Amino acid sequence: MTLLFNIYTIFPEIFPGFLGCSLTGKALTEGIWSYKTINIRDYAFDKHASVDDTPCGGGAGMIMRADVLGQALRANYKNGPLLAMSPKGKPLTQQQVHELSKNNEISVICGRFEGIDERVIEAYEIEEVSIGDYILTGGEQAAQIMFDAIIRLLPGVLGNNQSLENESFEFGLLEYPQYTRPIEWQGKRVPDVLLSGHHKKIEEWRKQQALKITAERRPDLLKKYLDSKRV
Ligand code: SAH
């Protein structure tokens, strides 16, 4: 099985970007995933190949035209999830990343300028996805981050499947603190419990630490976690 990303962009040269390095790069060479870029500009009609125009109703910046993007989709989109990277999308979660990783094909539109004409989003029932509450210059960067999160879940990408299981978000909590050798560094010792070899105590300590860190840093996650335990 292999996962294909169809990427609608006006900057195809941004891909594969950092996805061509390290574990995701190796997985690309091995054919575990692949990508195809569709240059939206190839579907422009006028002699300047314009893909954008000024916003109706006024305001700053430019908007990606529905007719040009619509034509690119009509010519290329077949099936599978159709997403657009957007700060006004639903925030991406690890759970959604797991669901996306089960597909054979995912299509993603990378916005530029001030975003995309709403009509094309409605017409193609495009699901908007945000990678966080901040603004980037383009959807390509956001798409690469989402792809990275998906690719590392594909079978054969990470050496040790265990490393997936205890990670932040996998259990609804942030990860506990981790240590390695040297046992003492700058007068600070690794917590004794981790050196005890007592697996049950280690597990309890890690759980307590995960709860403490999540309470301090992400009370929203802790609430969700506790609510889910109550049912
Ligand atoms: N005017 C828009 C922001 C446009 S930023 C707004 O206020 O919502 C330009 C493009 O970058 C967007 O179309 C989107 O594809 C991408 N982008 C920027 N921030 C993003 C984020 N947090 N998550 C996903 N995509 C983002």
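Counting starts at 1 for both ligands and their atoms, following the listed order. Only a predicted model underlies this, so the values are computations on that prediction, with no experimental measurement involved. Computation of the quantities below employed the complete heavy-atom set of this structure, encompassing side-chain atoms and omitting hydrogens, waters and symmetry-equivalent molecules.
- Under the 4.5 Å side-chain heavy-atom criterion for grouping Ile, Leu, Val, Met, Phe, Trp and Tyr, Phe11 is connected to Phe18 within one hydrophobic cluster.
- Within the listing of ligand 1, atoms 5 (S), 19 (N) sit less than 4.0 angstrom from a heavy atom of Ile135.
- Close contacts of ligand 1 with Thr137, meaning ligand atoms under 4.0 Å from a residue heavy atom, involve 9 (C), 11 (O).
- Among Pro87, Gly59, Ala84, the residue whose heavy atom lies closest to atom 26 (C) of ligand 1 is Pro87.
- Residue Met85 places at least one N or O, backbone or side chain, under 3.5 Å from an N or O of ligand 1.
- Residues Arg206 and Gln209 have side chains that never bring a donor and an acceptor to within less than 3.5 angstrom of each other.
- An N or O contact shorter than 3.5 Å links Gly111 to ligand 1 by distance.
- Interface of Ala142 with ligand 1, defined as ligand atoms under 4.0 Å from a residue heavy atom, comprises 24 (C), 25 (N).
- A continuous path of Ile, Leu, Val, Met, Phe, Trp and Tyr side chains, each step under 4.5 Å between heavy atoms, connects Leu136 with Ile109, placing both in one hydrophobic cluster.
- Sorted by first and then second residue, the ring pair (Phe, Tyr, Trp, His ring centres under 6.0 Å) pairs involving residues 118-155 (not counting sequence neighbours) are Phe5-Phe147.
- The shortest N or O to N or O distance between Cys110 and ligand 1 is not below 3.5 Å.
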For a quick test of your reading: what N or O donor-acceptor pairs under 3.5 Å do the side chains of residues 189-199 make, sequence neighbours left out?
from	atom 1	to	atom 2	distance (Å)
Arg189	NH2	Asp192	OD1	3.3
Ser196	OG	Val193	O	2.6
Ser196	OG	His198	N	3.1
His198	ND1	Lys201	N	3.3

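- Less than 4.0 angstrom separates some heavy atom of Ser130 from each of these atoms of ligand 1: 22 (N), 23 (N), 24 (C).
- Among the atoms of Gly132, some N or O lies under 3.5 angstrom from an N or O of ligand 1.
- The atoms of ligand 1 that sit less than 4.0 Å from any heavy atom of Leu136 are 5 (S), 9 (C), 11 (O), 18 (C), 19 (N).
- Where the criterion is an N or O separation shorter than 3.5 Å, residue side chain and backbone included, Lys88 fails it with respect to ligand 1.
- Other residues, nucleotides and ligands place more than 12 heavy atoms under 6.0 Å from the CD atom of Glu118.
- More than 12 heavy-atom neighbours from other residues, nucleotides or ligands sit within 6.0 angstrom of CD on Glu105.
- By the 4.0 Å heavy-atom criterion, Ile109 is excluded from the residues contacting ligand 1.
- Given atom 23 (N) of ligand 1, the protein heavy atom at minimum distance is Ile131 N, 3.1 Å.
- For atom 25 (N) of ligand 1, the closest non-hydrogen atom on the protein side is Ser86 N, 3.3 Å.
- Among all protein heavy atoms, the one lying closest to atom 2 (C) of ligand 1 is Glu114 O, 3.5 Å.
- Of the charged side-chain nitrogens involved, none lies within less than 4.0 Å of a carboxylate oxygen, so that Glu203 and Lys207 do not count as a salt-bridged pair.
- Note that CG of Asp133 and NZ of Lys88 are 14.0 Å apart. Values are rounded to the nearest 0.5 Å.
- Numbered from 1 in the order shown, with element, the atoms of ligand 1 that lie under 4.0 Å from a heavy atom of Phe113 read 4 (C), 5 (S), 9 (C).
- Near Val129, the atoms of ligand 1 lying under 4.0 angstrom from a non-hydrogen atom of the residue are 24 (C).
- Residue-ligand proximity, Gly115 to ligand 1, at heavy-atom distances under 4.0 Å covers atoms 13 (O).
- A side chain to side chain donor-acceptor pair (under 3.5 Å) with Thr9 is found for exactly one of Arg41, Glu140, Arg112, namely Glu140.
- Checked against Asp227 for a side chain to side chain donor-acceptor pair (under 3.5 Å), the options Arg230, Lys229, Lys224 give a single hit: Arg230.
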